[in-house]
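In what follows, chains are A, B, ... by sequence order, proteins preceding strands, each numbered from 1.
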There are 2 protein chains.
Amino acid sequence: MAVTIKDVAKKANVAPSTVSRVIADSPRISTDTKKRVRKAMKELGYHPNVNARNLAVRSSKAIGVIMPSSAETALQNPFFPEVLRGVGTVAHETEYSLYVSTGGNDQQLYEEVKRMVYGHRVDGIILLYSRMNDAIMDFLVEEKFPFVVVGKPYENESSITYVDNDNVSASKDVTNHLIDFGHTAIAFIGGTTDLVVTKDRELGYEQALKDAGIPYNEDYIIHDEFSRSSGKKAVEQLLTLNHPPTAMVLTDDMMSLGVINMLEEFGLECPDDISITSFNNLYLSEITRPPLTTVDIQIYKLGIQGAKCLIEQLQSKDEPAKRVIVPYAIKHRSSTKRLHSND
Amino acid sequence: MAVTIKDVAKKANVAPSTVSRVIADSPRISTDTKKRVRKAMKELGYHPNVNARNLAVRSSKAIGVIMPSSAETALQNPFFPEVLRGVGTVAHETEYSLYVSTGGNDQQLYEEVKRMVYGHRVDGIILLYSRMNDAIMDFLVEEKFPFVVVGKPYENESSITYVDNDNVSASKDVTNHLIDFGHTAIAFIGGTTDLVVTKDRELGYEQALKDAGIPYNEDYIIHDEFSRSSGKKAVEQLLTLNHPPTAMVLTDDMMSLGVINMLEEFGLECPDDISITSFNNLYLSEITRPPLTTVDIQIYKLGIQGAKCLIEQLQSKDEPAKRVIVPYAIKHRSSTKRLHSND
DNA sequence: TCTTTAAATATAAACGCTTACATTTTAATG
DNA sequence: CATTAAAATGTAAGCGTTTATATTTAAAGA
């Protein structure tokens, strides 16, 4: 077997507890013995066994990252890798490990979270999505297990720590941008309605219309998954309307890609025939034709902040529930155009 | 504290060992007591503590997934999430957990791997890249730690289990496709040269040229990271040549995106002015304009197979080194065009 | 020099599980 | 009905740490 604390102890002529204490760099050990023990560790090639340690201290120094269940489409959206990168950065700094979910469907995911929690696999969890009546979130609050959500909780908002953008305001801003450009027939294409983020962005869209005195048109509202195929479907639906929109507020860059593609099939050009605003500012959004006017929600920062909050929560037991709002910024590119100014 | 095996034992009036055996569904326990114990577990809400279990059995039922160090650019390429999805699928089926690397630079990553290995955090490792003189891979063989690589090892090829495509052949095929279309001025833009995959694809490209009797032109070969910005740089370099190429073999869809974008800035259209073949068949590749003719390397399957191989290796100690070649398929779309047939 | 106190280290009991081995119970055999 | 074998369960020793408590050693005070 591998070399243990006892081997080191023997070699350095001390008790195992002493070795343990020099690992923890306890001030109760004289610098002399510390040196001696460290030498022995080096010579033997000692490395602590985390399982044993975790068992003794009842923690795992690991955090679980839960992505939406529909792994099929979820992981395909660069949003997730990008938050993950943020989370990973602070995890690395603080020497936490990252456990990621693998569940394919809702049920599997739920089982997996239970395994993480009950099995003491992780000390805390980061939820990378937020939807209504989510069994997993309910479970976590029920169990009083430390977690933070990236996005806004659909309930218990004040008692759950979360990091989010001000999506209402962001959505209002882009809609206003479209209105400023003279558009009044503005469609909204968002993700599934059970996602809190969709709700918020729709709300912002509505507020902007209302403020501008533009009547709300139900036909202009479409909800679907975040994916390219759904984007296509959405376009089809809108373009066959009597009064097709001249602009659209989309809530995801990937979706926008699909929409623009579909538009072309219908013989329409963006932004000449239709203006588009988007969300996320994925690295793709500046590479598409046209480059997208999109809301930079600072995905990486969302990840950073989420992880930070969680770890704070883990370090001091009764850290209060926090809310951190990551600022957004609209990237004005070329997917929107002033109405009636066909040059 | 949480409910332990002893609590269950007491409640069910059996010895802890019996409970343990029930958990393992050992045939040595009568169905009667099994039932009784299971009932007790349910009533008490028992869940095994993995740390304790791992310590006892000296394993962790977890596999480590190592992505390239430059997390900045790496995770941005949907290739990685997609393999991860494959890996996750089989991990889930076999009840393994997934540990992912978080290291930002080479050194950090190396440290992390050591922590995984020495700390008994994972039972095996999947390397999601393969480059020359990789300290991590060397470390793993040195330690005789179970691992598989997705990609082809740069050395010890016969003693390391890996899953890969036949990249030489694939690259040859796409190059030939270009040649068939009448192109002779064909450039190659690949990732950094220390990546084995780049080597292979370049080799295929060269072979195709040679077979067709087309002289090798060093100016046509460009190496860089897999990213969009590097793609742009590459284009610039090629177009300012005396005899700029009429076609290019690119080794990554993301790069292709950048290239096409850049081409436009130079006033060139793909495929009218220049033909492009690509690799990976990311979901984007059919959404771009033009949709890319690209090699479908079946990323998801690479992940599936990689995980399968690793787990086989973990289950039976002396599983022989394997090589599994995932078949590729060229997706013919609209980014290539017959030379001189300007319609 | 003898206490008293502080500093340094050792002892041993957890942590929650698995498993080799021992023991008891049950069934089978002559 | 005793004997033996097989089946079912129990006992206890790990797995490699941490940590409360005890012990030893060294320094300080009287």
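Within the structure, every pair that satisfies the ring pair (Phe, Tyr, Trp, His ring centres under 6.0 Å) test and touches residues 85-116 of chain B, not counting sequence neighbours, is listed here: A:Y99-B:Y99, B:Y110-B:F139. The ring pair (Phe, Tyr, Trp, His ring centres under 6.0 Å) analysis of residues 21-44 of chain A, with sequence neighbours excluded, yields no pairs. Here ring pair (Phe, Tyr, Trp, His ring centres under 6.0 Å) pairs that include residues 4-53 of chain A, with residues two or more places apart or in two chains, are A:H47-B:Y118.
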**Complete:** With sugar-phosphate taken as primed atoms, P, OP1 and OP2 and all else as base, the protein-contact string of nucleotides 19-25 of chain C at under 4.0 Å (heavy atoms; B, S, -) is BBBB---

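Looking at B:E112 and B:R115, no side-chain N of the basic residue comes within less than 4.0 Å of a carboxylate O on the acidic one, giving no salt bridge.
In this view, B:K34 and B:V22, B:D25, B:I29, B:R38 satisfy the side-chain contact (heavy atoms from CB on, under 4.5 Å) rule, not counting sequence neighbours. Annotation: side-chain hydrogen bond (donor to acceptor under 3.5 Å, both in side chains) contacts of A:Y154 (sequence neighbours excluded): A:D138. With sequence neighbours left out, A:D194 forms a side-chain hydrogen bond (donor to acceptor under 3.5 Å, both in side chains) with A:T192. Scanning for side-chain contact (heavy atoms from CB on, under 4.5 Å) contacts around A:S20 gives A:I5, with sequence neighbours left out. Annotation: side-chain hydrogen bond (donor to acceptor under 3.5 Å, both in side chains) contacts of A:R53 (sequence neighbours excluded): none. Remark: A:S60 engages A:D123 in a side-chain hydrogen bond (donor to acceptor under 3.5 Å, both in side chains) (not counting sequence neighbours).
Axis angle between the ends of the helix from C:dT1-D:dA30 to C:dG30-D:dC1, five pairs each and rounded to 10 degrees, works out to 50°.
Contacts between residues 40-48 of chain B and DNA chain D, defined by a heavy-atom separation below 4.0 Å, involve no residue at all.
Whole-Å rounding puts the B:D25 CG to D:dA8 P distance at 13 Å.
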